[in-house]
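Beneath this line is the structure, given in structure tokens, with notes to follow.
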Amino acid sequence: AQSVTQLGSHVSVSEGALVLLRCNYSSSVPPYLFWYVQYPNQGLQLLLKYTTGATLVKGINGFEAEFKKSETSFHLTKPSAHMSDAAEYFCAASGSARQLTFGSGTQLTVLP
Amino acid sequence: DSGVTQTPKHLITATGQRVTLRCSPRSGDLSVYWYQQSLDQGLQFLIHYYNGEERAKGNILERFSAQQFPDLHSELNLSSLELGDSALYFCASSVVEGGNSPLHFGNGTRLTVT
């Protein structure tokens with residue numbers, strides 16, 4: 001079964017600073033990878049999904065994720081944080097089991 | 001708006017009781033997934049249905065059951081409720097099963113067991 005690890009349960013950045021949220025997956029065969037965002041009292045929304053062969057995936061709201069097979073990582077970045085980016089972010093992976101396995105989530109706080 | 005509808009939004013009930021959570025997937029989506037989100041366990045996959053058939057089970061307790069009906073809506077039944085069952089229950093849908101098909105989540109049902 002897939003395993004997804006998100007380093008850092010809480011990340012704080014200043015408005016305008018770089019956002020970096022870390023995600024590592026456990027598989028020798030790259031699974032399908034996703035990033036989701038959850039705002040308070042809402043369900044999860046898809047930010048982006050990995051496309052086979054790509055190394056940099058662009059998502060909504062200015063977010064990107066870089067796929068590094070050698071490091072089994074799929075870190076999420078945004079060049080300049082905005083107050084509205086404050087939310088919880090989940091990395092997820094699905095493989096042959098046809099079920100999406102989520103990481104434990106990273107709560108992003110954006111400081112004014 | 002994801003197009004996935006979950007009812008009710010909130011549910012408060014007592015230990016030992018039984019409740020039913022309902023989910024209507026996005027129009028055209030055949031797959032329905034149920035997840036439980038709690039502070040200590042995070043997001044846990046419970047069960048997956050595709051076009052009325054059970055396709056995969058995750059960490060679902062024997063006290064819990066689900067089904068997907070011919071009109072594709074799904075219900076999650078929780079019985080003999082315990083305090084530890086208090087959580088946010090999400091339904092998600094997708095066009096096909098797993099793989100590269102992203103899930104579209106409803107806003108969840110918050111269950112409080114007292």
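Chain letters run A, B, ... following the sequence lines, proteins first, then strands; residues in each count from 1.
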Hey, is [atom1] on [X] packed in by over 12 heavy atoms from elsewhere, all under 6.0 Å?
X	atom1	value
B/Leu83	CG	yes
A/Arg22	CZ	no
A/Asn41	CG	no

| note | Honestly, the part of B/Tyr35 sitting under 4.5 Å from a heavy atom of chain A is side chain
| request: Any disulfide bond (SG atoms under 2.5 Å apart) involving residues 7-96 of chain B? Give me the pairs, sequence neighbours left out, ordered by first then second residue. | output: B/Cys23-B/Cys91
| message | Do A/Phe74 and A/Val11 land in one hydrophobic cluster if side-chain heavy atoms of ILVMFWY residues count as linked below 4.5 Å? | response | yes
| What's the spacing between B/Leu43 CG and A/Gln38 CD if we round to 0.5 Å? | 6.5 Å
| Interface moiety of A/Gln45 toward chain B, non-hydrogen atoms closer than 4.5 Å | neither
| request: Select one option (side chain, backbone, both, neither) describing which atoms of A/Leu46 are under 4.5 Å from chain B's heavy atoms. | output: side chain
| message | If I compare all heavy atoms of A/Phe90 with all of B/Gln37, which pair ends up nearest, and what's the gap? | response | CZ-NE2, 3.5 Å
| request: Might you point out which heavy atoms bring A/Gln42 and B/Phe90 nearest each other, and give the distance in Å? | output: O-CZ, 3.8 Å
